[in-house]
Protein chains: 2
Amino acid sequence: MKNPLISQLERRDTLSPEERSALEGAISKVKEFAPDEDLVRDGERVNQSNLILEGFACRYKVLGDGRRQITAFHLAGDFVDLHSFLLKKMDHGVAALTRCRVAFFPHEKLREISERYPHLTRLMWLLTLIDASAHREWITGMGRRSAEGRLAHLFCEMYLRLDVAGLTDGLTFPFPITQHELGDALGLSVVHTNRLLGRLRKLHLATFLSNKVKIENWEGLKELAEFDPTYLHLNSEPR
Amino acid sequence: MKNPLISQLERRDTLSPEERSALEGAISKVKEFAPDEDLVRDGERVNQSNLILEGFACRYKVLGDGRRQITAFHLAGDFVDLHSFLLKKMDHGVAALTRCRVAFFPHEKLREISERYPHLTRLMWLLTLIDASAHREWITGMGRRSAEGRLAHLFCEMYLRLDVAGLTDGLTFPFPITQHELGDALGLSVVHTNRLLGRLRKLHLATFLSNKVKIENWEGLKELAEFDPTYLHLNSEPR
DNA sequence: CGAGGTCTTGAAGACGATCAACAAACGTGG
DNA sequence: CCACGTTTGTTGATCGTCTTCAAGACCTCG
C-alpha cells in the first residue's frame with residue numbers, strides 16, 4: 001500500500017525516488033490510536049510529528065470554561081502536527097475521531113531531511129502553508145458566513161479533500177463525527193447544529209446520517225457555501 | 001537601523017553572520033505604500049514576498065456580498081506573505097493600514113536561501129508556523145469567545161507583539177485602524193464594535209482613541225480575554 | 001467651508017444560545 | 001439475545017447577543 005503522504009505531496013509537485021525513500025526512511029514506527037484518544041496534548045513538548053495513515057482526527061483548543069473549538073479536521077495523508085517540528089511546544093491538542101493508524105516522524109529525522117533535501121523540505125513547508133490557508137478560510141467563515149453557509153462550506157471542503165484522497169463513494173463520503181463535534185468545529189451549539197442539518201436536508205442539499213454525508217445537490221451546496229477551492233492549493237507545480 | 005526581520009528571527013533563535021547577510025542580500029528593493037493601498041491582491045500570482053519595515057498592514061478576504069474578514073494584523077518585522085513563496089498564488093489580499101515601508105524578497109532569492117541555508121530556511125518556515133498558530137487562536141476566539149473577550153484578546157495580542165518589537169509607550173500602543181476595520185477583524189458590525197469599545201472603557205480596562213490603545217488594567221484585560229501568549233511562540237531555542 | 005468619512009446612540013428584529021424533556025441508537029454485561 | 005445505562009439526536013420555548021436601519025455629531029482634509 002502506498003504511503004498517503006507521498007500521494008499528498010505528489011499532488012502538489014514531483015518527488016524524486018531519493019526523496020520518496022528519504023520520507024519512508026524517516027518513519028520510526030506506526031501506532032494505533034483508539035477513538036477519542038489524544039495523539040498529542042495541548043502544551044506538550046514533543047520530539048516527533050504524526051502522520052495519519054488511516055482514520056480521522058481533529059485539532060482543538062479548550063477554553064477555561066470547557067468550551068471547545070475544533071480548528072481542523074484531518075484524514076489519511078495529513079501531517080497533523082508537522083508544525084511541532086519547529087514550534088517544539090504544542091499550542092493545541094490533537095484527538096482521534098475514529099480508530100487511527102499513525103506514523104511517527106522523529107524530529108531528528110525531519111531535521112536531517114531539512115539539512116539534506118531542500119526541495120523535500122520546501123514541500124513539507126508547503127503542507128503547513130496549506131494548513132494555514134485553510135485556517136484563514138475557516139476564520140473568514142466564522143466571522144462573516146452564516147451558520148448555514150459555514151456548515152455547507154465544511155461539507156464542501158471535506159468532500160473535495162476526501163475525493164482527492166480517493167475516499168469518497170460517488171457523492172457520499174465518510175464523516176465520522178458527532179453533531180456535538182460538528183458544533184465545536186462550527187462554533188455553534190449542538191442544538192443549532194442539529195437544526196441546521198435538518199435545514200440542509202429539507203433544502204435537498206445534503207444529508208448527514210450515521211457518520212456519512214450524502215451530497216444531494218453539489219451546485220446548490222457550493223453556492224450556499226460560496227465555496228471556492230483555491231485555498232486548498234490542489235494544483236501541482238514546481239516548488 | 002537594524003532590519004526588523006533579523007530581530008524577529010533572533011527572538012526565536014540565534015543567527016550566524018552569514019545567515020544575517022544572506023537575508024540582507026535577498027532584498028531586491030524597498031518601496032512605500034500609501035494607506036489603504038494593496039500590497040498584494042487576492043488571487044494574484046506573485047514572485048516576491050513582502051516584509052514590512054515600517055507601518056501597519058492587514059490580510060483580508062472578501063465574500064461575495066462585499067463582507068470582509070481581516071485574518072491578521074501585521075507590523076514592522078512581519079513577513080506578510082512569505083507563504084506565497086511556495087503557494088505561488090495568493091488566497092487573500094494584503095492591504096496597508098498606514099503608510100508602509102516594505103522590503104521585497106524575490107522568490108528566486110528565497111529559493112537560493114532554501115538551497116544553501118537549511119537553518120535559515122527552518123527559521124523562515126517557523127515564521128509561517130507562528131502565523132498559523134495565531135490563526136488557530138483567532139479561530140478559537142471567533143468560535144468560542146464572546147465578542148468582548150475577542151476584542152480584549154486582540155488588544156492583548158497587539159500590545160504584546162508591539163511591546164516585543166519595542167513599539168509601545170508604557171501601556172499605550174499605536175493601533176491605527178478604524179472601528180470599521182476593527183469590526184472586520186472581530187467578525188462584528190461597526191455599531192457593535194463601537195459599543196464594545198465603550199464597555200471596555202467603562203470597565204476601565206482599555207481605551208481606544210485616535211489610533212491608540214491605552215491599557216488601563218492589564219491584568220483585568222488579560223483575564224477577560226483569557227489571554228495566554230504561548231501561541232505567539234516568543235521564546236528562543238535551537239530550531 | 002463644505003463633503004465625505006468616522007463615530008455615536010437609539011430602536012427593532014434576526015439569529016443562535018440555553019434550558020428542558022424526550023426519543024433513538026449504541027454498547028456492555030448478564 | 002435481552003435489559004439497561006449512556007451517549008447521541010430531536011424538538012419546543014424563552015432569552016440574550018449582535019445586526020440592521022436610521023439619524024445626528026464630529027472631524028478631517030481637500
Side-chain angles (χ1 to χ4, degrees), chain A residues 34-37 56 58 63 65-70 95-99 141-154 174-203 206-214 224, chain B residues 34-37 63 65-70 95-99 141-154 175-203 206-213 224:
Chain A
D36 288 328
E37 198 178 345
F56 283 79
C58 70
L63 290 181
D65 59 350
R67 294 160 74 100
R68 185 172 75 147
Q69 177 66 43
I70 291 176
L97 292 166
T98 62
R99 205 176 55 77
M142 304 288 295
R144 291 307 186 196
R145 254 185 265 274
S146 68
E148 209 176 40
R150 237 140 67 211
L151 176 58
H153 198 277
L154 178 58
F175 200 11
I177 63 172
T178 65
Q179 293 189 13
H180 188 88
E181 287 160 340
L182 200 48
D184 280 346
L186 300 168
L188 299 172
S189 66
V190 206
V191 174
H192 198 59
T193 304
N194 179 274
R195 289 194 232 267
L196 288 178
L197 286 170
R199 258 201 271 171
L200 281 201
R201 205 179 317 123
K202 215 161 288 168
L203 291 168
T207 51
F208 177 64
L209 195 63
S210 61
N211 289 337
K212 280 189 193 320
V213 175
K214 183 176 175 185
L224 177 61
Chain B
D36 288 329
E37 199 179 344
L63 290 181
D65 59 351
R67 294 160 75 98
R68 186 170 77 146
Q69 177 66 43
I70 291 176
L97 292 166
T98 62
R99 204 177 54 75
M142 305 289 295
R144 292 307 188 196
R145 254 186 266 274
S146 68
E148 209 177 38
R150 237 142 64 211
L151 176 58
H153 197 276
L154 178 57
F175 200 13
I177 62 173
T178 65
Q179 293 189 13
H180 187 88
E181 289 160 339
L182 199 49
D184 280 347
L186 300 169
L188 298 171
S189 66
V190 205
V191 174
H192 198 60
T193 304
N194 178 273
R195 289 194 232 268
L196 288 178
L197 286 170
R199 257 201 271 172
L200 281 201
R201 204 178 319 122
K202 215 161 289 169
L203 290 168
T207 52
F208 177 64
L209 195 63
S210 61
N211 290 337
K212 280 191 195 318
V213 174
L224 176 60

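Everything quoted here is computed from the prediction, not taken from an experiment. No hydrogens, no waters, no symmetry mates; every other heavy atom, side chains included, goes into these values. Just so we're on the same page: letters track the sequence lines, and every chain starts at 1.
- Put simply, CZ on B/Phe175 and CG on B/Leu154 are 4.5 Å apart, with the number rounded to the nearest 0.5 Å.
- Atom-to-atom, CZ of A/Arg145 to C1' of D/dT19 comes out at 19 Å; the value is rounded to the nearest Å.
- Using a 4.5 Å cut-off on side-chain heavy atoms (C-beta onward), A/Arg145 and B/Arg67 make no contact.
- Between A/Leu188 atom CG and C/dA17 atom C1' there is a gap of 10 Å when expressed in whole angstrom units.
- Whole-Å rounding puts the B/Leu209 CG to D/dC27 C1' distance at 12 Å.
- We find that NE2 of A/His180 is positioned 15 Å from C1' of D/dT6, with the value rounded to whole Å.
- Among the atoms of the strands shown, none is found under 4.0 Å from any heavy atom of A/Leu197.
- Comparing the end axes of the helix from C/dC1-D/dG30 to C/dG30-D/dC1, each fitted to five base pairs by superposing C1' atoms of four pairs onto the next four, gives an inter-axis angle of 50° (nearest 10 degrees).
- Remark: P of C/dA14 and NE2 of A/His192 are 15 Å apart, rounded to the nearest angstrom.
- Between A/Gln179 and D/dT7 there is no side-chain N or O to OP1 or OP2 distance below 4.0 Å.
- Taking CD of B/Glu148 as the start and CZ of B/Arg195 as the end, the distance is 13.5 Å to the nearest 0.5 Å.
- Along DNA chain C, the nucleotide closest to B/Asn211 and the one closest to A/Val190 are compared, and the more 5′ of them pairs with B/Asn211.
- Note that the CE atom of A/Met142 and the CG atom of A/Leu186 stand 7.5 Å from one another [nearest 0.5 Å].
- Distance CZ/B/Arg199 to CG/B/Leu197: 11.0 Å, rounded to 0.5 Å.
- OP1 or OP2 of C/dT18 has at least one side-chain nitrogen or oxygen of A/Arg67 nearer than 4.0 Å.
- Position along DNA chain C of the nearest nucleotide to A/Val191 versus A/Arg150 favours A/Arg150 as the more 5'-ward residue.
- Atom CG in A/Asp184 sits roughly 11 Å away from atom P in C/dA17 (whole-Å rounding).
- Across the protein-nucleic acid pair, A/Asn194 atom CG and D/dT7 atom C1' stand 15 Å apart, rounded to whole Å.
- In this entry the distance linking CZ of B/Arg195 with P of C/dG10 reads 8 Å, nearest Å.
- Using a 4.0 Å heavy-atom criterion, one finds that B/Gly187 contacts the sugar-phosphate atoms exclusively.
- With rounding to the nearest 0.5 angstrom, the CG atom of A/Leu196 is 6.0 Å from the CG atom of A/Leu188.
- B/Thr178 comes within 4.0 angstrom of the backbone, heavy atoms only, and of no base.
- Note that CG of A/Leu97 and CG of A/Asp36 are 7.5 Å apart. Values are rounded to the nearest 0.5 Å.
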